[in-house]
J.: 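Sharing a structure, written as structure tokens. Questions coming.
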Amino acid sequence: MDQLTNTNGKKSCTIDLNLPPPPNNPEAEKAVLGVVLMEGAVAGKVLKDLCDDWFYQENHRQIFCAMKALFERGDAIDTLTIAAELRARQTLDVAGGNHYLASLAECVPSAANVAYYIAIIRESARKRMQIGLLTEMLHERCNGSSDEEFQCLLEQLRESQATGRNNRLRPIPLSQLDDDGKISWRWQGYLADGHFTLLTALWKSGKTTLLAHLFKVFEVGGELAGKVAPTRILLITEESTKLWATRRDKLHLSDHIQIISRPFKGRPTRQQWEVFVFELSELIQSERFRLVVFDTIAKLWPVKDEKDATEVGTALMPLYQIVETGCSVLFVHHPRKGDGSEGQASRGSGELTAFVDVIIEMRRFAPANREDTRRVLTAYSRFDETQPEIVIELTDSGYRRIGTKAEARQPDRFMVIAQVLDRERPGKTAEEIWAAWPEEAIIPKPGKRTVELDLKQGVELDLWCAAGEGKRGDPYRYRLPDSIPAAI
């Protein structure tokens, strides 16, 4: 029975924690080992999806390690080879001996359910890890903490133990769901409380610039292609603190943003990642962050093969702990080679794009013009509030909304029309202007109907003049005014 002595000032008392056994499922552990032993076709995948420290029972851990060593050497996996490997490691007795190995062969569960067994083992291991962290915190705070703080942490530990031991499945009748149907938005249409968003953009195309300006608006709220609510932000980034210090000074960013730079020395293990995510969820609740940004997720998570759906899914699942706090999560990611289309621009497995609730793909509006600061945000979303496409432009005062691609192209078409027109009377018809559209123009030749609409709107804006009745024998004719308007 674990005991703690809590010393607070002059008071001192010994507390029996009286905790139940840590969460574990020996049947699931044995079932997985049985599948590896009897179903060679799936052995490699099962061994890859598991970690030895996920096994609670020491004999199962030793058997798993022996199986994995045999597989990595390309040796056969059967009771004889496993026994020989354990004997060489001097752990055969710890593993239960030949008799226990034989019992694995008699336990032949369905390989079709192996993913379910693995999930049980992983979840039990995750709960034990959380309990371990809480226990460590309890020991650290047993001296000098208030009785209220100590008891609160103790209750949290006991609750974690009980949750891990008991059945977690607690279905809720639809009539009892506490939801008014409204979504709370950090950034209207793009970042929702309690949901995941993925932002993908080409390297050096301005996604970090967009983030920095968005962070600026988050300070007091405002507009950036949609309403932005005041938000406390936790940024976890691969970039150095010096880079963000430069952006801070340039944009006058404030302490509504807090940063964790390069939290790992190298790529973390699954266990390190899960501990990190658990600690993040605790930090988010205590500091009341409303948005967590991973920039970029590929440099922070434990995934080695981005194309492996199982590996990606395993890394993503612990992140539900974060959105359960009610905050929004933004993943910043790189695109696949050659870009992509229809929500498939993100690099790696489709498991990531399937996992998130909103996908934002940012591209240059005019890729051939590096000086053009317009960007196109194309979105795919579970929510009706998300705009499928919007064009924004970076100005000296930040980003401004232009509209759709068609709306964004109109000023460029106006410039070409002004180049085609002259001041000579009676002017040119829409057909003549369309036919004279230069091949080298900054924008491709549009349809005749588009040119007709642009000419009509240009007259309303006093960009050019129109004469004629617009009839078969007297079509509208357009020419430039005596002086070219400054708007062109």
J.: As a test of understanding, state which of R247, R262, K299 forms a salt bridge (Lys or Arg N to Asp or Glu O under 4.0 Å) with E239.
T.: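 With E239 as partner, R247, R262, K299 yield a single salt bridge (Lys or Arg N to Asp or Glu O under 4.0 Å), made by R247.
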J.: With rounding to the nearest 0.5 Å, note down the distance linking CG in D372 to CG in L394.
T.: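 Atom-to-atom, D372:CG and L394:CG are 11.0 Å apart.
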J.: Please report the closest heavy-atom contact between F215 and H256, naming both atoms and the distance.
T.: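 Looking at all heavy atoms of both residues, the shortest contact is O-NE2, 2.7 Å.
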J.: Please give me the minimum heavy-atom distance between E238 and T296, naming the atom from each residue.
T.: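 For E238 versus T296, the nearest heavy atoms are OE2-OG1, 2.5 Å.
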J.: Kindly write out the residues that satisfy ring pair (Phe, Tyr, Trp, His ring centres under 6.0 Å) with F355, not counting sequence neighbours, or none if the list is empty.
T.: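 F196, Y320.
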J.: Compare all side-chain heavy atoms of D308 with those of K48 and state whether any distance is below 4.5 angstrom.
T.: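 Yes - at least one pair of side-chain heavy atoms lies under 4.5 Å apart.
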J.: Find out whether F64 and L47 are in side-chain contact, i.e. whether some heavy atom of one side chain is under 4.5 Å from a heavy atom of the other.
T.: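 In contact.
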J.: For E306 and A298, work out which heavy atoms get closest and say how close.
T.: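 What the structure gives for the nearest pair is OE2-CB, 3.2 Å.
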J.: A212 and L253: which non-hydrogen atoms are nearest, and at how many Å?
T.: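 Nearest pair, atom of A212 first, then L253: O-CD2, 3.8 Å.
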J.: So which atom in V94 and which in N59 form the shortest heavy-atom distance, rounded to 0.1 Å?
T.: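 In this case the closest contact between V94 and N59 is O-CB, 3.3 Å.
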J.: May I ask you to check whether W185 and F383 place their ring centers less than 6.0 Å from one another?
T.: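 Yes, ring centres under 6.0 Å apart.
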J.: Would you say that more than 12 heavy atoms from the other residues, nucleotides or ligands in this model lie under 6.0 Å from the CG of D93, or not?
T.: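 Result for CG/D93: open.
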J.: Determine whether a donor-acceptor pair (N or O, by modelled atom type, separation under 3.5 Å) exists between the side chain of H195 and the backbone of D193.
T.: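 Yes; judged by distance alone, with no hydrogens or angles, the pair exists.
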J.: Can you name the closest pair of heavy atoms from L70 and A76 and give their distance?
T.: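 Taking L70 first and A76 second, the nearest heavy atoms are CD1-O, 4.0 Å.
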J.: Please determine whether the number of non-hydrogen atoms from other residues, nucleotides or ligands lying under 6.0 Å from atom CG of D384 exceeds 12.
T.: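 Check fails, neighbour count at 12 or below.
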J.: So, is the end of the R270 side chain (NZ or CZ) under 6.0 Å from the ring centre of W273 and within 45° of the ring's axis?
T.: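 Output no; distance or angle outside limits.
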J.: Hey, does E85 have a side-chain heavy atom less than 4.5 Å from the side chain of M67?
T.: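 A side-chain contact is absent here, since even the closest heavy-atom pair is not under 4.5 Å.
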J.: Less than 4.5 Å apart, any side-chain heavy atom of L101 and any of L86?
T.: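 Contact flag for L101/L86 side chains = yes.
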J.: Flag yes if more than 12 heavy atoms outside R288 fall under 6.0 Å of its CZ atom; otherwise flag no.
T.: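 No, because the 6.0 Å sphere around CZ of R288 holds 12 heavy atoms or fewer from other groups.
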J.: Mark yes or no for whether E274, through its side chain, and P318, through its backbone, hold a donor-acceptor pair below 3.5 Å.
T.: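 No, the answer is negative, given that no donor and acceptor are paired below the 3.5 Å cut-off.
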J.: Can you tell me if E311 uses its side chain to pair, donor with acceptor, with the backbone of K304 under 3.5 Å?
T.: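 Checked: pair present.
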J.: Measuring from atom CD1 of I121 to atom CG of N25, what distance do you get when rounded to the nearest 0.5 angstrom?
T.: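 I121 CD1 to N25 CG: 7.5 Å, rounded to 0.5 Å.
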J.: Between R61 and F55 (side chain of the first, backbone of the second, donor and acceptor by atom type, cut-off under 3.5 Å), is there such a pair?
T.: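 Side chain of R61 to backbone of F55, a donor-acceptor pair under 3.5 Å: yes, one is there.
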J.: Does S328 reach the main-chain N or O of A192 with its side chain, forming a donor-acceptor pair under 3.5 Å?
T.: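 Such a contact is found between S328 side chain and A192 backbone.
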J.: Should we say atom CD of E287 is surrounded by more than 12 heavy atoms from elsewhere, each under 6.0 Å from it?
T.: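 Enclosed.
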J.: To the nearest 0.5 Å, how far apart are NE2 in H60 and CD in E58?
T.: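 Output value for this atom pair is 11.0 Å.
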J.: How far does OG1 of T200 sit from CD1 of I359, to the nearest 0.5 angstrom?
T.: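 Atom-to-atom, T200:OG1 and I359:CD1 are 7.5 Å apart.
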J.: Does V391 offer a backbone N or O that forms a donor-acceptor pair with the side chain of K405 under 3.5 Å?
T.: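 Checked: no pair found.
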J.: Taking P23's backbone N and O only, do any of them form a donor-acceptor pair with R128's side chain (distance below 3.5 Å, no angle check)?
T.: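 Pair found, side chain donor or acceptor close to backbone of P23.
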J.: Are the side chains of L214 and Y399 in contact, using a 4.5 Å heavy-atom criterion?
T.: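 Not touching, per the 4.5 Å side-chain cut-off.
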J.: Are any of the side-chain heavy atoms of I259 and I257 separated by less than 4.5 Å?
T.: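 No. Closest side-chain heavy atoms not under 4.5 Å.
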J.: Quick one: do T81 and D75 satisfy side-chain contact (heavy atoms from CB on, under 4.5 Å)? Show the steps, please.
T.: CA-CA 8 Å; T81 56; D75 295 340; 5.8 Å; no
J.: Check for a donor-acceptor pair, side chain of W187 on one end and backbone N or O of L224 on the other, with a separation under 3.5 Å.
T.: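 Pair found, side chain donor or acceptor close to backbone of L224.
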J.: Give a yes or no on whether the ring-centroid distance for F331 and W301 is below 6.0 angstrom.
T.: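 Distance test on ring centres: not under 6.0 Å, no.
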J.: Report the C-alpha separation of F289 and Q258 in whole Å, then their side-chain angles, then the decisive distance to 0.1 Å, and conclude whether the side-chain contact (heavy atoms from CB on, under 4.5 Å) test is met.
T.: CA-CA 9 Å; F289 291 109; Q258 296 189 28; 3.8 Å; yes
J.: Using modelled atom types only, decide if a donor and an acceptor are shared between the side chain of T79 and the backbone of A102 within a distance under 3.5 Å.
T.: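 Side chain of T79 to backbone of A102, a donor-acceptor pair under 3.5 Å: no, none is there.
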J.: For I82 and I77, what are the C-alpha separation, side-chain angles and deciding distance, and is it a side-chain contact (heavy atoms from CB on, under 4.5 Å)?
T.: CA-CA 6 Å; I82 296 171; I77 299 177; 3.9 Å; yes
J.: Looking at CZ of R186 and OG1 of T231, how far apart are the two atoms once the value is rounded to the nearest 0.5 Å?
T.: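 Reported to 0.5 Å precision, the distance equals 4.0 Å.
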J.: About how many Å separate CG of D49 and OG1 of T310, when rounded to the nearest 0.5 Å?
T.: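 Atom-to-atom, T310:OG1 and D49:CG are 5.0 Å apart.
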J.: Does T325 use its side chain to pair, donor to acceptor, with the backbone of Q321 at less than 3.5 Å?
T.: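 Not confirmed, T325 side chain does not pair with Q321 backbone.
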J.: Given side chains that start at C-beta, do those of V32 and W54 come closer than 4.5 Å, heavy atoms only?
T.: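 Heavy-atom side-chain distance check fails, nothing below 4.5 Å.
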J.: Go through V114 and I118 one step at a time and tell me if the side-chain contact (heavy atoms from CB on, under 4.5 Å) criterion holds.
T.: CA-CA 6 Å; V114 69; I118 292 173; 4.2 Å; yes
J.: Would you check if I63 and K30 make a side-chain contact, meaning some heavy-atom pair closer than 4.5 Å?
T.: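 SC-SC contact between I63 and K30 ruled out.
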